[in-house]
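These figures come from a predicted structure and were not determined experimentally.
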Amino acid sequence: MSFAIIISEKGGQERREVFDKNEISIGRVQGNDLLLPKGNVSKRHARIVFRDGRFIVTDLKSTNGSYVNGHRIAQATIVREGDKIYIGDFILKVDAGSSGSGPLPSPRDIRGSGDSDVPAVLRDPDASGATPPPRISSAVGNEGSAVSHIPLEQDPDDPSTTGMPVIDPRTGMPGRGESRPPRAPVAVAAGSTQASGSIDRAASNFKTTLGSQGSQASPPAQPPPAPARPAMAPAATGQGVAQPSRPATSRPKQPGHVGALGTLVQRLVDVVDLDDGDTFAAPNDQKRAGVERVIREQARALQQEGEIPSGVSVEDLVREATREALSTGPLGELLDDDEVVEIQIARFDQIMVIREAGAAPLDIGFTSEQALRRALGRLALSVGYRFKPGDTTIDLRLASGAHLTAILPPVAAHGSTVVIRKRRRADLGLEDLVRSGTLSRGMAIFLQQCLAAKANVLVAGPLGAGTTTLIGALAAAGALEERTIAVQEIDELVLTQPYGASLVVPDTGEAGARIVRMAASLRPDRLLIGVMAGQIVGSVVDVIGGGCDGVIAALRGPTLRQSLARLVPALIAAHPGLDAQSARAWLASSFDVAVEVTRLKSGRHRVLRIAELTSPDGGDIKTRDIFEFTLDPAGAERGEGTFSPTGVVPAVVQELKAHGHRVDETIFRRATR
C-alpha cells in the first residue's frame with residue numbers, strides 16, 4: 001500500500017512525496033518520514049495514519065498546533081482528499097490515488113454568512129495562499145461545522161490503541177467505524193528476582209565493586225514494565241484555539257510516585273556518598289556503573305517490601321533517581337527541549353516550566369536541596385565556573401546560550417531560587433502568534449503594515465509576558481536582506497536574518513546609551529532595543545529624532561500606562577533642563593504605536609491592546625486604543641476572550657498612505673450586531 005502527500009509552502013511550488021507505508025511522522029528534524037525544516041514546525045509535529053480506507057491526522061502536542069481546513073485539531077481527525085492540513089508555513093493534502101482504496105469523498109465548501117465585513121483575502125485563504133486563521137470555537141463555527149473535543153481514553157498520540165472516536169472535521173462527530181475498543185492489558189509476571197533489602201549488604205557489594213577494577217557485576221533482573229499511561233483530560237480552550245495538554249516533561253504521575261522516588265534516593269545516599277571527591281565533575285564509568293547498580297538493587301528491595309505503590313513504574317523511578325544522582329536531574333531534558341523557553345525554580349521540588357503555549361508545573365522536581373545544588377554546580381562547571389564556599393549568587397551563560405540566575409542559601413531562606421532563560425530564535429512570525437491566540441488576525445495585519453512602512457513600535461509588558469517573543473516575531477516579519485541590529489541587556493534574542501547583529505549593553509547608563517547611538521550610526525534597516533530604561537531612553541528618543549526609523553523597543557512594566565509614566569523622568573534625567581511637558585510630547589511623537597502584552601492567569605500570552613500615543617496640549621501621554629482584548633468573565637480562568645477593533649483609525653494610517661503604502665482600513669471596523 002502506498003499513498004502520496006502533496007506539500008506546498010506559502011508562495012512556493014507544490015511537490016509530491018510518495019510513502020509506501022501506513023503511517024508517517026512529520027517534523028522539522030531528521031528521523032521524521034516527512035521533513036519540514038522550518039522554525040514554526042516542531043521536532044515531532046504530527047502523524048498521518050492510513051487505516052480502513054481513511055486517513056487520520058494527529059497532532060503530537062506541537063507548539064503551534066496542526067490545523068485541518070482552518071480548525072485547530074486536538075484529537076485524531078479524519079481527512080479526505082482535498083482537505084488542507086496546515087503545519088507551520090506548509091499546506092499538506094493527502095492523495096490516495098496510489099493506495100488502491102479508490103477516491104475519497106471530496107470536502108464540501110461550507111461557508112458562513114457572517115463574513116461580509118471581512119476582507120476577501122481573509123475570507124478565502126486560497127485566494128492568496130495565506131494560512132487561514134484559527135476559527136473561534138463555538139457550538140457551530142463560522143464555517144457551519146463544529147469540532148467536538150472528546151476526552152482521550154489512553155494514548156493521545158495513537159488512535160489505534162485507544163477507544164476514542166476519531167473526529168470528522170465536517171460533522172464534529174465520530175467517523176464511521178472508527179471507534180475501537182481499547183486493547184486488553186497484557187499480563188506480565190514479575191521476575192523471580194531476589195533482593196535482600198539490606199542497606200548494609202548493598203553497601204558492602206558497592207564497595208567491593210569499586211575496589212575491584214576487573215570484577216564484573218551480574219546484570220540485575222529487570223523489574224516489570226510500567227502499566228499503561230492513565231487517561232489524560234482534554235485540553236482547555238482559549239480564544240478559539242485548543243490549548244496543549246500537559247507537556248511530556250510534566251506528565252501526571254501515579255499517586256505515591258514522588259514519595260517513592262524520595263525514598264529510593266534516600267536509600268541511595270545512605271549507601272553511596274555522592275559528594276565524595278569532586279561533587280560536580282562528571283562521574284567516571286566505574287562510579288556510574290556502581291551507582292546505577294545500587295539504585296536498581298534498592299528499587300527492587302523497595303518493591304518487595306511493598307514501599308512502591310501499585311501502578312508506580314519502577315523503571316521510571318530508577319531512571320529519575322539515576323539522572324538526579326549522576327547528572328542534572330530534570331533540568332537536562334528541559335534544557336534540551338526546544339519548546340521550553342524558561343525554567344523557574346522556587347525551591348527544589350517546585351519547578352515551573354514556561355513554554356510559548358503557556359506555563360505548567362513540573363510533576364517531578366528534585367528530591368532535596370542538596371540534589372538541586374549538585375545539578376547547579378554541574379551546570380556551572382560545564383562552562384568553567386566552580387562553586388566557592390560562601391557563594392550566594394550565580395549569574396552565568398550556559399554552553400547552550402541559556403542564562404542561569406540563582407540565589408542560594410542563606411540569602412534564599414527557603415532553598416535555592418533559580419531562573420534559567422533560554423535564548424529564543426526570532427523564527428516565530430506574526431502568523432504563528434495568530435494561530436496560538438496571542439493576537440488577532442486584524443492586529444497582525446496592522447502590525448505588518450506598520451513594519452513595512454518602518455514605523456516605530458513600542459512593546460510594553462512585565463517580565464515573562466512574551467515581549468521578547470513578540471519583538472522576535474516583528475523582527476522576523478522583515479525581509480531576509482534587511483540589516484537588523486538588536487541592542488540587548490543579555491544576548492536573549494537570536495536573529496534569523498543573515499545580516500543581523502546583536503550588541504550587548506553593559507548597563508543602562510552612559511555606556512549603554514553610547515552603544516545605542518553607535519548602532520543607529522550604522523544605519524540599520526531595523527533597530528531592536530531590548531531594554532528601554534535609564535539613559536538608553538534618551539539615546540533612543542535622540543536617534544529617532546535624528547531620522548532613525550524602524551525602531552522596535554521593549555519596555556518593562558506592569559502595564560502600558562505605568563511603563564510610559566517611567567519614561568518621562570528617565571528622559572528628563574538624560575536631558576537636564578528638559579521640562580516634563582516637553583518630555584511627554586517628545587515621547588508621544590517618537591513612537592507611532594504601542595503594544596501592551598501580558599500573561600494571563602491561565603498562563604497564556606495575550607496582546608491586551610494596540611494603541612497610538614498622543615499628548616494633547618502637552619499634557620500627560622494618552623493612549624487611544626486601536627485594538628483591544630476583552631476577557632470573557634465566564635472563561636477568564638482559561639484565558640478566553642475576544643479581540644476586537646475599537647473603530648479608531650490611527651493617525652499613522654494617513655502617514656502610511658502618504659508614503660505610498662496600501663492600508664486595508666476594513667480591519668479597523670467595529671463588528672456590528
Task: Under 3.5 Å donor-acceptor, H605 side chain and S436 backbone - done: no

- [ ] Please confirm whether the backbone N or O of K388 pairs with a side-chain atom of D391, one donor and one acceptor, at under 3.5 Å?
- [x] yes

Task: Spatial distance of atom CD1 (I343) from atom CZ (R421) [nearest 0.5 Å] - done: 12.5 Å

Open item on the list: According to side chain to side chain donor-acceptor pair (under 3.5 Å), who are the partners of Q350, at least two apart in sequence or on a separate chain?
Closed with: none

Task: Polar side-chain atom of S368 near backbone of A371 as donor-acceptor pair, under 3.5 Å - done: yes

Task: Separation between CZ of R319 and CD1 of I364, rounded to the nearest 0.5 Å - done: 10.5 Å

- [ ] Check the pair L264, L268 against side-chain contact (heavy atoms from CB on, under 4.5 Å), reporting the backbone distance first and the verdict last.
- [x] CA-CA 6 Å; L264 176 58; L268 170 67; 5.9 Å; no

Task: Exercise: identify the closest heavy-atom pair between L433 and A473 - done: CD1-CB, 3.7 Å

Open item on the list: Donor-acceptor pair, distance only, cut-off 3.5 Å: does the side chain of H71 make one with the backbone of V68?
Closed with: no

Task: Side-chain heavy-atom pair V434, M443 within 4.5 angstrom cut-off - done: no

Task: Polar side-chain atom of D59 near backbone of I73 as donor-acceptor pair, under 3.5 Å - done: no

TODO: Look at the side chain of T468 and the backbone N and O of G466, then say whether any donor-acceptor pair between them is shorter than 3.5 Å.
DONE: no

Open item on the list: Can you list everything that forms a side chain to side chain donor-acceptor pair (under 3.5 Å) with Q448? Sequence neighbours excluded, please.
Closed with: none

- [ ] May I ask you to say whether E369 pairs ionically with R347, meaning some side-chain N is under 4.0 Å from a carboxylate O?
- [x] no

Task: Minimum-distance pair of heavy atoms, taken over all atoms of L274 and K287 - done: O-NZ, 3.6 Å

Task: Minimum side-chain heavy-atom gap D89-V41 below 4.5 Å - done: no

- [ ] Check the pair I536, V487 against side-chain contact (heavy atoms from CB on, under 4.5 Å), reporting the backbone distance first and the verdict last.
- [x] CA-CA 10 Å; I536 289 179; V487 179; 5.6 Å; no

TODO: Could you tell me whether the side chain of D336 and the main chain of E333 form a donor-acceptor pair under 3.5 Å?
DONE: no

Task: Stepwise side-chain contact (heavy atoms from CB on, under 4.5 Å) test for I5 and L92 - done: CA-CA 6 Å; I5 301 291; L92 280 58; 3.9 Å; yes

Task: Step-by-step side-chain contact (heavy atoms from CB on, under 4.5 Å) determination, F387 to I394 - done: CA-CA 9 Å; F387 279 2; I394 306 173; 2.9 Å; yes

Task: Note, I87 side chain near L36 side chain (heavy atom, < 4.5 Å) - done: yes

Task: Pairwise distance CG(L379) to CD1(I420) - rounded to 0.5 angstrom - done: 6.0 Å

Task: Salt-bridge present (R355, D337; N to O < 4.0 Å) - done: yes

- [ ] Please determine if D285 and R288 form a salt bridge, counting it only when a charged side-chain N lies under 4.0 Å from a carboxylate O.
- [x] no

TODO: Could you pull out the closest heavy-atom pair between F643 and V607, with the gap in Å?
DONE: CE2-O, 3.5 Å

Open item on the list: Between N64 and N40, is there a side-chain donor-acceptor contact under 3.5 Å, judged purely by atom types and distance?
Closed with: no

Open item on the list: Just to verify, what does R599 make a salt bridge (charged side-chain N to carboxylate O under 4.0 Å, His left out) with, not counting sequence neighbours?
Closed with: none

- [ ] Compare all side-chain heavy atoms of K422 with those of V341 and state whether any distance is below 4.5 angstrom.
- [x] no

TODO: Using distance alone, with no hydrogens and no angle criterion, decide if E596 and T559 have a side-chain donor and acceptor under 3.5 Å apart.
DONE: no

- [ ] Could you check if a side-chain atom of L317 sits within less than 4.5 angstrom of a side-chain atom of I308, using non-hydrogen atoms only?
- [x] yes

Open item on the list: Determine whether a donor-acceptor pair (N or O, by modelled atom type, separation under 3.5 Å) exists between the side chain of K38 and the backbone of R28.
Closed with: no

- [ ] Only counting residues at least two apart or in another chain, list the ones meeting side-chain contact (heavy atoms from CB on, under 4.5 Å) with V504.
- [x] D491

Task: Contact check, side chains of V597 and R606, non-hydrogen atoms, under 4.5 Å - done: no

Task: Distance (rounded to the nearest 0.5 Å) between L372 CG and T417 OG1 - done: 9.0 Å

Task: Gap separating the CD1 atom of I24 from the CG atom of D33, nearest 0.5 angstrom - done: 6.0 Å

Task: Heavy-atom donor-acceptor pair, R435 side chain to Y67 backbone, under 3.5 Å - done: no

Open item on the list: Is there a side-chain contact between T469 and T438 in this structure, where contact means two heavy atoms from C-beta onward sitting under 4.5 Å apart?
Closed with: no

Open item on the list: Under a 3.5 Å threshold, yes or no: a donor from one side chain and an acceptor from the other, between E339 and T63?
Closed with: yes

TODO: Determine the minimum heavy-atom distance between G329 and F366, stating which atoms define it.
DONE: CA-CE2, 3.9 Å

Open item on the list: Counting C-beta onward and ignoring hydrogens, is there a side-chain heavy-atom pair between V459 and L474 closer than 4.5 Å?
Closed with: yes

Task: Exercise: identify the closest heavy-atom pair between L326 and E292 - done: CD1-CG, 4.0 Å

TODO: Take R441 and E431, measure what salt bridge (Lys or Arg N to Asp or Glu O under 4.0 Å) needs, and give me the verdict at the end.
DONE: CA-CA 8 Å; R441 175 72 54 177; E431 182 67 35; 2.7 Å; yes

Compile the donor-acceptor pairs under 3.5 Å between side chains in residues 402-412 and protein atoms, sequence neighbours left out, one pair per line.
from	atom 1	to	atom 2	distance (Å)
H403	ND1	T405	OG1	3.4
H403	NE2	D395	OD1	3.3
T405	OG1	D395	OD1	3.2

TODO: Could you grab the distance from atom CZ of F90 to atom CD of E9, nearest 0.5 Å is fine?
DONE: 4.0 Å

- [ ] State, to 0.1 Å, how close A475 and L528 come at their nearest heavy-atom pair, and which atoms those are.
- [x] CB-CD1, 3.7 Å

Open item on the list: Can you tell whether the side chains of E628 and R609 come within less than 4.0 Å, N to carboxylate O?
Closed with: no

TODO: Give a yes or no answer on whether the side chain of Y86 reaches the backbone of G65 with a donor-acceptor pair at less than 3.5 Å.
DONE: no

Table please: side-chain donor-acceptor pairs of residues 551-558 below 3.5 Å, with sequence neighbours left out.
from	atom 1	to	atom 2	distance (Å)
R556	NH1	T467	OG1	2.3

TODO: Determine, for E315 against R296, whether the closest basic-nitrogen to carboxylate-oxygen distance falls under 4.0 angstrom.
DONE: yes

